[in-house]
**Student:** 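One structure coming up, written as structure tokens, with questions to follow.
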Protein chains: 2
Amino acid sequence: MINYTLKQLKYFVAVAESGNVTEASEKLYISQPAISNAISQLEETLNTQLLIRHHAKGVSLTPAGKEMVSYCRTLLSHAEEINGYMIQHSTLISGTINIGCYASLGPIYAPKLIQGFTKLYPEVNFKLFEGDIEELNEALVTGKIEMALMYDLNNNCQIESTKLAKISPHVLLSVKHPLANRKKINLMALQDEPLVLLDLPHSNKYFQSLFEQYDKNPFIKHRTKSIEMLRSLVANGEGYALMNAHVKSNTCFDGSELISIPLSDYATPISLVISKVLGVKLPKRCEAFLEFCIKNFNLDNK
Amino acid sequence: MINYTLKQLKYFVAVAESGNVTEASEKLYISQPAISNAISQLEETLNTQLLIRHHAKGVSLTPAGKEMVSYCRTLLSHAEEINGYMIQHSTLISGTINIGCYASLGPIYAPKLIQGFTKLYPEVNFKLFEGDIEELNEALVTGKIEMALMYDLNNNCQIESTKLAKISPHVLLSVKHPLANRKKINLMALQDEPLVLLDLPHSNKYFQSLFEQYDKNPFIKHRTKSIEMLRSLVANGEGYALMNAHVKSNTCFDGSELISIPLSDYATPISLVISKVLGVKLPKRCEAFLEFCIKNFNLDNK
DNA sequence: TGAAATTACGTTTGGCGTAAGCATG
DNA sequence: CATGCTTACGCCAAACGTAATTTCA
């Protein structure tokens, strides 16, 4: 059980350094009896006499006091260090940002954002987490991550999201597909073809909901949770796929080619957002990153 | 400037470990709002959010909070360690005793006392200081030493002494001296011989005062501050000397022989004492040593 | 007599507990 | 509606300041 306070230690060290309670009290802007009292208490809780009081000639340290001073110095400087470190990281743009990315968005947006930001603030580094929407919400709320780059689903009232951009659904087709040279594609043009469904929570429902306006159900040939598997299947002619973002690479992992074409159908608007837990005060670095993301996407839109 | 308290840190760590303020408050026997409040204050002083509060589901740590917990743990355990160390040394008989010895008494009494005590309490070690009375008083009052083995001169009202034994003056003579076989010697028997004076503060005055009862002044041939020089001079026939303790060795450093014979004259009583600063609470080890010295000398006197 | 400690005492701060309020699952 | 957080409020202890007292050089 610790029964002393950091304040007592601070006063004690000041007195030890001055050799004189009065001088210490002037340095600390605290009255002399207050200091005297604090040290008496410290002595009592430690059951150890630390000072020898001289009349009209200040004080000197007992051997135990001398030991104690050096202990106090290290403890106090350690405490200072912690304080400085925490304050610094709430104020300066440095340290680690723990950021989550929705699996299909991460590879598209995260690297450029991170690179751009660390160019401005080289003291910041990032720790990336990937997951589906549920996992990201969970990670935010349990403090595993401070922010997440994901779709705006508004399904969790503890989460606060900032819109970065509107996302439009795209169709993925093999380059060999007859419609591969279209500028836009309507879902009905593909109604008899097999669909390769991205089978992540929310996204699977979202893509299927696109068919509701036509009262049709798609013919789902494959389901996968992996973006790259999806792209490979499409590039190798296993069907078409729907994605909520525009991947710029036309080559998938096995070298086959595919293409991404905007969907011309009506789609319930969906946004790319950066999210945080509602009401939490973020470290400065995170606030700065949020600002940066907003600015960065506004520039893109121009 | 440190603006947090160890108590706040303690509460915070407890909450972090419980994941739950209520549980922590039960462990700490402190009301739940008190803890909640303390942590809010801590967050404010650090300008950093440490916890994410969930409704009806406890709390979780933010990344900053996670860092802070580990800092707190090391700081608190350091503080515990200091506390434990200081309490232990005020309670247990271990650690270092800083003891001063009057130059001429040290070699005679200190080694046996130290050996006897460390046999009883092997955890204790000694740091020895030697000096004349003034130096020892100074060392006591400035906290350089906790106790001193010296003569009782009662000349410093800040010092508190415990009598260990009465000391009687002895005459040192060369074994070749005609009076070397006496059991006791009267000063007048030596009145025409040269005196080798131990020229330490107080002792020089004391020895010269012995001659006052005869209205004589001694013939001082040599003055020295060193006991061994004194003994060598005497052993080599340069004169007799007076000492306030009985040295048991008859051989001095150069191999010459000398003898120590009690003085039969009246001498103002002088005592061997162990001294400390008036009113200071000594560590347990020092109190134990004081007790040991008292007991040890009482045994000797029987 | 002056310097520098402690003691005495009144004020105020702040830490704690009780009770009420609020939000979520 | 039970859980578990925060807010509100009152109380008391403790920290601080002022002033008086003590003690030694």
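Because only heavy atoms are used, hydrogens play no part in the values below, and waters and symmetry mates are left out as well, while side chains stay in. Just so we're on the same page: letters track the sequence lines, and every chain starts at 1.
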**Student:** Please confirm whether the backbone N or O of A/T74 pairs with a side-chain atom of A/H78, one donor and one acceptor, at under 3.5 Å?
**Tutor:** no

**Student:** Rounded to whole angstrom units, what separation is found between the CD1 atom of A/I52 and the C1' atom of D/dC24?
**Tutor:** 16 Å

**Student:** Between the main-chain N or O of A/L50 and the side-chain N or O of A/E43, is there a donor-acceptor pair closer than 3.5 Å?
**Tutor:** yes

**Student:** Can a donor-acceptor pair be found, under 3.5 Å and without considering hydrogens, that links the side chain of B/E146 to the backbone of A/A64?
**Tutor:** no

**Student:** Side chains of B/H89 and A/T48 only: does a donor on one sit below 3.5 Å from an acceptor on the other?
**Tutor:** no

**Student:** Taking B/E17 first and then B/R73, would you say they form a salt bridge - that is, a charged N and a carboxylate O separated by under 4.0 Å?
**Tutor:** yes

**Student:** Taking atom types as modelled, is there a side-chain donor on B/S90 or A/N47 under 3.5 Å from an acceptor on the other?
**Tutor:** yes

**Student:** So A/Q8, base contact, sugar-phosphate only, or nothing? Heavy-atom distance under 4.0 Å.
**Tutor:** nothing

**Student:** Whole angstrom is fine here: how far is it from CG in A/L51 over to P in C/dA4?
**Tutor:** 15 Å

**Student:** Atom CG of A/L42 to atom P of D/dA14: distance rounded to whole Å?
**Tutor:** 16 Å

**Student:** For the ring pair B/Y151 and B/Y206, is the centre-to-centre distance below 6.0 Å?
**Tutor:** no

**Student:** Find the distance B/L6:CG to C/dG15:P and express it as a whole number of Å.
**Tutor:** 13 Å

**Student:** Classify every nucleotide of nucleotides 17-25 of chain C by which part a protein heavy atom approaches to under 4.0 Å, writing B for the base, S for the sugar-phosphate alone and - for neither, in 5'-to-3' order.
**Tutor:** BBB---SBS

**Student:** Taking 4.0 Å as the cut-off, does a side-chain nitrogen or oxygen of B/Q41 come that near to OP1 or OP2 on C/dG15?
**Tutor:** yes

**Student:** Could you state the CD1-P distance from B/I35 to D/dT7, rounded to the nearest angstrom?
**Tutor:** 16 Å

**Student:** Whole-Å distance between D/dT7 C1' and B/R53 CZ?
**Tutor:** 13 Å

**Student:** Report the distance from atom CD1 of B/I159 to atom P of D/dC24, rounded to the nearest whole Å.
**Tutor:** 13 Å

**Student:** Do B/I99 and B/I145 have side chains that approach each other closer than 4.5 Å (heavy atoms only, starting at C-beta)?
**Tutor:** no

**Student:** Using whole Å, what does the distance between atom P of nucleotide D/dA14 and atom NZ of A/K7 come to?
**Tutor:** 14 Å

**Student:** With rounding to the nearest 0.5 Å, note down the distance linking CG in B/L75 to CE in B/M68.
**Tutor:** 8.0 Å

**Student:** Hey, which of these two, B/H54 or A/A38, hits DNA chain D nearer its 5' end, going by closest nucleotide?
**Tutor:** B/H54

**Student:** Check DNA chain C against residues 13-23 of chain B and give the residues with a non-hydrogen atom under 4.0 Å, in numerical order.
**Tutor:** none

